[in-house]
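In what follows, residues are counted from 1 in the order of the sequence shown.
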Amino acid sequence: DIGLGQTYTVGEGFALFFRMSLGGAALGIAFGLGLITLLYYLNRRLDLEENVVQVATTATVAYLSFYTAEISCGMSGVISVVMTGITTATFGGGMINSRKLMESFWHIVEHVLNTVLFSLGGVVWGTIISNSDERASKFHASDWGYLFLLYILVNVIRFALIFGFYPLLARIGLGLNWHEALFLGYSGLRGAVGIALAVSLDNEVFAATTEEDVEARDYTATLFGHVGGIAFLTLWINGTFAGPLLKKLGLAKPTKTRERVVK
């Protein structure tokens with residue numbers, strides 16, 4: 001609705017935020033508990049067919065969680081699915097009959113969907129930056145300047161967050177040294193979620209407007225150009241130099257224990 005120009009007051013904006021975030025999280029937890037219940041009753045580990053049914057159940061519940069939140073309740077489907085997964089992994093991990101089967105299935109799904117998403121997003125992004133799409137608006141030279149400025153800004157923000165919380169991160173869990181913090185800040189790639197949201201918004205606005213609504217289509221086209229550009233630049237620049245930086249920081253060196261095991 002916001003992409004189509006609907007006006008919100010400050011109070012309505014906060015209400016929308018909490019409904020999308022907290023509502024989506026609560027719904028995801030509910031679906032996660034329901035999935036755990038189903039996994040509990042599908043507990044015959046030596047029955048291959050039941051193991052397959054468990055995998056199919058996780059896929060079905062994940063889709064239902066997204067559809068119910070996004071379409072039926074006006075909440076965030078992404079947050080709902082994430083919370084469903086977190087709840088299931090936290091409290092229902094031991095009820096999975098075949099972890100290998102479950103992990104293999106979701107790895108394949110992740111790879112296929114990422115490939116489709118980046119292929120689709122790449123095609124749309126290419127038509128936008130080459131100014132060969134159906135829109136009257138164009139991706140101008142100034143937009144390229146803003147894109148590179150945005151790339152610098154998102155990296156600065158990530159480094160600021162990592163090092164802002166460095167005192168805490170260094171003291172919890174396994175701890176974190178400054179070499180790891182530096183690489184953690186540098187290696188933040190942007191991609192799937194941003195492109196998926198940009199594709200969804202672009203399609204929704206394009207379908208709900210006409211050729212006369214140049215301004216609305218211009219906004220979403222520019223947004224898609226920047227989102228796709230950030231994904232491209234982080235993959236191209238950060239991804240290309242991540243390996244050399246990892247070696248330079250000494251994080252790729254094997255431990256003495258590993259060296260002894262290999263020898």
K.L.:
Okay, side chain of Glu204, backbone of Val199: is any donor-acceptor separation there less than 3.5 Å?
P.N.:
no
K.L.:
Please identify each residue that fulfils side-chain contact (heavy atoms from CB on, under 4.5 Å) with Ser187, with sequence neighbours left out.
P.N.:
Phe183
K.L.:
Show your reasoning for whether side-chain contact (heavy atoms from CB on, under 4.5 Å) applies to Cys73 and Thr68.
P.N.:
CA-CA 6 Å; Cys73 300; Thr68 303; 4.1 Å; yes
K.L.:
For the side chain of His111 and the backbone of His107, is there at least one donor-acceptor N/O pair under 3.5 Å apart?
P.N.:
no
K.L.:
Grouping I, L, V, M, F, W and Y whenever their side-chain heavy atoms are under 4.5 Å apart, do Phe163 and Tyr186 come out in a common cluster?
P.N.:
yes
K.L.:
Hydrophobic cluster membership, with links at side-chain heavy-atom distances under 4.5 Å among I/L/V/M/F/W/Y: are Leu42 and Val52 in one?
P.N.:
no
K.L.:
What is the distance from atom CZ of Arg158 to atom CG of Leu153, rounded to the nearest 0.5 Å?
P.N.:
14.0 Å
K.L.:
Given the rule that I, L, V, M, F, W and Y join up when any side-chain heavy atoms are under 4.5 Å apart, are Ile129 and Ile230 in one cluster?
P.N.:
yes
K.L.:
So Leu101 and Phe105, do their side chains get closer than 4.5 Å, heavy atoms only?
P.N.:
no
K.L.:
Identify all side-chain donor-acceptor contacts of residues 168-179 below 3.5 Å with residues at least two apart in sequence or on another chain.
P.N.:
residue, atom, partner, partner atom, Å
Arg171, NH1, Pro167, O, 2.8
Asn177, OD1, His179, N, 3.1
Asn177, OD1, Glu180, N, 2.8
His179, ND1, Leu249, O, 3.3

K.L.:
Are Arg19 and Met75 packed together at the side-chain level, in the sense that at least one heavy-atom pair is separated by less than 4.5 angstrom?
P.N.:
yes
K.L.:
Hey, is the main chain of Val124 close enough, under 3.5 Å, to the side chain of Thr127 for a donor-acceptor pair?
P.N.:
yes
K.L.:
Per the side-chain hydrogen bond (donor to acceptor under 3.5 Å, both in side chains) rule, what does the pair list look like for residues 238-250, sequence neighbours excluded?
P.N.:
Tyr151-Asn238, Asn155-Asn238
K.L.:
Suppose we screen for side chain to side chain donor-acceptor pair (under 3.5 Å). Which residues come up paired with Thr88, at least two apart in sequence or across chains?
P.N.:
none
K.L.:
Applying ring pair (Phe, Tyr, Trp, His ring centres under 6.0 Å) as the test, list every pair that has at least one member in residues 221-245; sequence neighbours left out.
P.N.:
Trp125-Phe232, Phe139-His226, Phe232-Trp236
K.L.:
Ignoring hydrogens and geometry, is there a side-chain-to-backbone donor-acceptor pair from Thr234 to Ala231 under 3.5 Å?
P.N.:
yes
K.L.:
Output the distance between atom OG (Ser65) and atom CD1 (Ile29), rounded to the nearest 0.5 Å.
P.N.:
10.5 Å
K.L.:
Is there a path of hydrophobic side-chain contacts, each under 4.5 Å between heavy atoms of I/L/V/M/F/W/Y residues, joining Leu149 to Leu233?
P.N.:
no
K.L.:
Is there side-chain contact between Ile79 and Ser21, with heavy atoms separated by less than 4.5 Å?
P.N.:
yes
K.L.:
Asp47 and Glu49: which non-hydrogen atoms are nearest, and at how many Å?
P.N.:
OD1-N, 3.0 Å
K.L.:
Answer yes or no: is there a donor N or O on one side and an acceptor on the other, between the side chain of Gln54 and the main chain of Ile96, under 3.5 Å?
P.N.:
no
K.L.:
Thr58: which residues meet the side chain to side chain donor-acceptor pair (under 3.5 Å) condition with it, sequence neighbours left out?
P.N.:
Trp106
K.L.:
Residues two or more places apart in sequence or in another chain: which of them pass side-chain contact (heavy atoms from CB on, under 4.5 Å) with Ser142?
P.N.:
His140, Tyr146
K.L.:
With rounding to the nearest 0.5 angstrom, report the CG to CG distance, Leu35 to Leu64.
P.N.:
10.5 Å
K.L.:
Quick one: pull up CG in Leu150 and CD1 in Ile157 and give me the separation to the nearest 0.5 Å.
P.N.:
8.0 Å
K.L.:
Going by the rule side chain to side chain donor-acceptor pair (under 3.5 Å), which residues pair with Glu50 if we only count those two or more places apart in sequence or in a different chain?
P.N.:
Arg44
K.L.:
Under the ring pair (Phe, Tyr, Trp, His ring centres under 6.0 Å) definition, can you give me all pairs with a residue in residues 31-81, not counting sequence neighbours?
P.N.:
none
K.L.:
Does Ala192 have any side-chain contact (heavy atoms from CB on, under 4.5 Å) partners at least two apart in sequence or in another chain, and if so, which?
P.N.:
Asn114, Leu117, Phe118
K.L.:
Can you list the residues that meet the side chain to side chain donor-acceptor pair (under 3.5 Å) rule with Asp143, with sequence neighbours excluded?
P.N.:
none
K.L.:
Are Val53 and Val55 co-members of a hydrophobic cluster defined by side-chain heavy atoms under 4.5 Å apart?
P.N.:
no
K.L.:
Does some side-chain heavy atom of Met102 sit less than 4.5 Å from a side-chain heavy atom of Asn97?
P.N.:
no
K.L.:
Mind listing the closest non-hydrogen atom pair of Ser98 and Asn51 along with its distance?
P.N.:
CB-ND2, 4.0 Å
K.L.:
Using the test side-chain contact (heavy atoms from CB on, under 4.5 Å), find all partners of Leu223 that sit at least two apart in sequence or belong to another chain.
P.N.:
Leu201, Val227
K.L.:
Measuring from Phe91:CZ to Ile86:CD1, what's the distance to the nearest 0.5 Å?
P.N.:
10.5 Å
K.L.:
Nearest 0.5 Å please: distance from the CG atom of Leu16 over to the OG atom of Ser76.
P.N.:
10.5 Å
